[in-house]
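Worksheet: one structure, shown below.
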Amino acid sequence: MHNENEMLNFIDKIVAKEVEEGKVSKVITRFPPEPNGFLHLGSAYAINISYSIAKKYGGTFNLRFDDTNPTKEDISFVESILGDMDWLGIDYGSEPLYGSDYSDQIFDYAKYLVLQGKAFMCDLSAEQMREYRGTLTEPGRNSPYRDRTIEENLQLFMDMRAGKFNEGEKVLRAKIDMANPNITLRDPVIYRIIQAHHYRTEDKWCIYPMYDFAHPIQDYIEGVTHSLCSNEFVNNRALYEWTLNNLDLPNTLPRQIEFGRLNLTGVVTSKRYLKQLVDSGVLEGWDDPRLPTLQGLRRRGYTSSSIFAFLNEIGVPKVEATVDVSMFEHALRQDLKADSRCLMAVLDPLKVVITNLDDTEYLEADNNQENAALGTRKIPFTREILIDREDFSENPPKKYNRLVPEGEVRLKNGYFIRCNEVIKDASGWIVELHCTYDPETKSGSGFTGRKVKGTIHWVSASLGLPCVVRLYEPLFTSKPSEDDLLSAINPNSLITLNDAVIEPAFRDFSGAGDTHFQFLRQGYFVCDNRLTSTDRPVFNRIVSLKSSYKR
RNA sequence: UGGGGUAUAGCCAAGUUGGUAAGGCACAGGACUUUGACUCCUGCAUUCUCUGGUUCGAGUCCAGAUACCCCAGCCA
């Protein structure tokens with residue numbers, strides 16, 4: 001592992017230099033989600049970039065809801081986002097901030113622009129404006145309303161603010177340059193009329209600032225020094241700076257720096273796609289464990305610490321990067337292995353009768369071989385036990401280290417057992433195995449008499465707890481496109497095993513608050529807090545264990 | 001010849017004022033093993049999108065070319 005000082009990402013380098021040169025004294029960054037959707041992995045990525053910079057330089061990090069469009073935003077999203085921030089463990093000061101709280105100031109700045117002759121009221125319809133805007137290769141044309149007097153513009157703007165016009169009838173535009181090759185600068189709209197109830201300002205306003213105008217002002221008001229956002233805003237930077245530079249602001253201006261988007265192989269994070277998926281009903285909602293929403297990841301059992309470990313490992317790209325999910329899975333295993341208790345659970349049970357055992361014996365087992373602090377537990381060894389069907393084979397392939405007819409394996413934490421008889425039903429289906437155990441070979445006894453090819457996990461048939469285990473695979477079998485999003489869905493993205501059984505010690509750990517476990521030889525699992533009932537736990541597989549076994 | 005951004009292994013990603021390609025993931029071998037896990041070894045770019053040039057020496061400098069991404073919402 002590298003240490004942070006060696007792995008300065010490009011943004012860190014810029015900030016380090018500015019701090020060193022004394023250009024900024026206190027670093028302030030921010031995360032400005034629009035409360036119109038749920039946070040997802042990409043959000044965590046953006047949060048981490050700004051948050052870690054602020055933390056590293058002893059600065060502060062603001063959470064600011066960018067709520068300048070009442071038609072899309074809702075209080076339920078701010079609540080959900082607040083919950084996610086909490087889960088991530090992000091310190092954003094005592095209170096979240098709201099862009100809408102600066103409405104008066106933003107309005108005043110717009111008025112200032114009008115007074116300076118740098119903004120004008122335009123009557124062009126949206127469609128006309130598009131025509132006047134030009135194209136990527138052709139310059140635009142000036143609006144016929146561009147030369148209104150300052151007085152007229154001011155009057156009209158006040159009238160607009162007073163609600164004298166209908167939606168779409170008029171807008172306030174910055175007067176910049178219709179021929180600028182950067183379309184963002186072609187007299188952009190900075191205020192428009194929206195007759196809608198705002199969840200915070202309620203009905204105080206009927207006009208709302210556009211992102212490009214509001215954002216730099218919001219940053220400035222908060223004293224943000226580094227406004228970090230994704231690459232899609234590079235073109236907007238020119239307008240961000242134009243706005244700041246034309247407002248005659250006394251204090252240090254914030255600087256916008258863009259970073260590349262994060263993609264994960266097989267994972268879709270765009271809001272539109274996620275909505276389409278959830279609306280289709282093929283998932284269980286926004287917190288479906290297959291979704292990269294923070295709620296989904298949490299339910300899936302992903303820990304926030306593993307998310308940050310992963311995020312810090314991939315760095316900050318300048319261009320869009322597609323990281324292999326295996327890197328994320330690696331971070332997950334690393335994070336989970338040290339403090340998860342390791343239990344035994346059988347997913348696809350095959351009954352085994354230990355013919356020479358009559359009395360139940362309680363065996364002792366480490367909860368985590370590498371972390372003695374996690375203690376030990378007792379495991380009941382009974383006459384009838386359950387093993388996983390795939391741990392027995394009548395026609396074993398080469399290098400099969402499990403149970404075979406007349407073969408011997410060790411029961412983890414128990415004894416060697418030998419398979420003497422395979423019982424089948426009329427159709428040839430294996431119903432149960434008859435085995436004998438060797439008392440000499442007890443776990444921890446130091447028995448060295450003979451070797452066994454492998455060790456398998458097992459659970460008492462009579463004392464094990466029935467449970468449901470949900471296995472997950474990538475949501476998509478192929479890279480989904482916009483129109484065949486649903487057809488690309490992996491039919492095996494969720495496999496539910498209803499006959500699984502887990503050792504009884506689970507109850508004690510669960511009762512003590514444990515949620516994440518390793519199921520020996522199988523992977524890491526989390527107790528699903530939505531589906532688990534008092535009489536039957538439901539587990540989600542977080543991630544499987546690595547395996548060098550090749551079938 | 002719209003403008004802008006970016007190019008280092010299968011995937012991320014370091015690479016100081018030019019000095020002879022870090023690290024991680026994945027993968028492949030091997031050691032260890034009462035989890036086919038973990039851990040530990042070993043291997044994995046004669047080459048940095050390409051082509052020229054400058055230089056004793058270029059991933060780093062210069063010139064040209066190519067590829068990919070972003071922008072034409074009164075969304076953010």
Side-chain angles (χ1 to χ4, degrees), chain A residues 1-2 6-9 32-34 36 66 68-69 71-72 122 124-126 129-131 133-140 167-173 179-186 188-194 207-208 210-212 214-215 229-238 258 260-262 265 271 310 313-331 333-334 337-338 342 344 365-366 369-370 399-402 409-416 441 443-444 447 452-457 518-523 544-550:
Chain A
M1 295 294 140
H2 60 261
E6 295 169 359
M7 287 288 280
L8 297 183
N9 62 56
E34 182 184 16
N36 70 343
D66 198 353
T68 56
N69 186 346
T71 62
K72 302 197 170 185
C122 186
L124 253 26
S125 69
M129 206 175 292
R130 193 180 318 126
E131 288 162 15
R133 189 156 32 228
T135 68
L136 294 177
T137 54
E138 302 158 23
E167 275 189 26
E169 204 173 313
K170 281 183 171 51
V171 292
L172 180 69
R173 295 224 257 166
N180 199 294
N182 180 351
I183 295 178
T184 310
L185 260 19
R186 317 241 261 231
V189 171
I190 58 178
Y191 257 96
R192 79 294 209 185
I193 299 168
I194 297 179
I207 62 171
Y208 291 87
M210 295 287 287
Y211 165 87
D212 282 317
H215 206 80
C229 59
S230 67
N231 266 333
E232 55 185 319
F233 295 103
V234 276
N235 296 313
N236 302 242
R237 188 174 64 231
E258 311 83 12
R261 254 186 61 118
L262 165 69
T265 55
K271 276 183 190 170
F310 165 68
E313 190 60 37
I314 60 177
V316 180
K318 273 191 177 157
V319 251
E320 184 160 318
T322 302
V323 178
D324 199 304
V325 262
S326 64
M327 239 170 131
F328 198 176
E329 294 178 343
H330 177 256
R333 296 188 186 103
Q334 289 294 316
K337 75 176 183 198
C342 304
M344 294 196 284
D366 289 327
Q369 281 177 28
E370 285 156 46
K399 292 190 177 176
Y400 186 80
N401 296 338
R402 312 174 191 184
V409 290
R410 172 179 286 285
L411 291 180
K412 175 69 181 175
N413 295 127
Y415 300 89
F416 285 9
T441 60
S443 180
F447 176 82
V452 96
K453 280 197 299 184
T455 299
I456 63 173
H457 58 91
Q518 181 193 119
F519 286 177
L520 236 46
R521 301 209 305 140
Q522 305 191 105
S544 66
L545 248 29
K546 288 215 315 183
S547 171
S548 60
Y549 177 62
K550 292 157 194 79

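Protein chains get the first letters and strands the later ones, always in sequence-line order, with residue 1 at the start of each.
- Here the nucleotide nearest the side chain of A:N235, chosen from B:U35, B:C71, B:A72, is B:C71.
- Taking the C1' atom of each, B:U8 and B:A58 are spaced 14 Å apart, rounded to whole Å.
- When the nucleotides B:G36, B:C27, B:C75 are ranked by their closest atom to the side chain of A:R192, B:C75 comes out on top.
- Ranking B:U35, B:A76, B:U6 by closeness to the A:K318 side chain, first place goes to B:U6.
- A distance of about 27 Å separates the C1' atoms of B:G64 and B:G19, rounded to the whole Å.
- In this structure, the CG atom of A:L185 is 12 Å from the C1' atom of B:C71, given to the nearest Å.
- Looking at heavy-atom distances under 4.0 Å, A:P317 makes contact with sugar-phosphate atoms alone, never a base.
- Here A:Y415 lies out of heavy-atom contact (under 4.0 Å) with every strand.
- For the C1' atom pair drawn from B:A14 and B:C25, the interatomic distance equals 15 Å after rounding to whole Å.
- Syn is the classification of B:G73, since its glycosidic angle stays within 90° of 0.
- Donor-acceptor pairing under 3.5 Å, judged by distance alone, is absent between the side chain of A:R237 and the base of B:G4.
- Here, B:A45 and B:G10 have their P atoms 10 Å apart, quoted to the whole Å.
- Ranking B:C71, B:G36, B:C74 by closeness to the A:L136 side chain, first place goes to B:C71.
- Between A:K546 atom NZ and B:G36 atom C1' the separation is 12 Å, expressed in whole Å.
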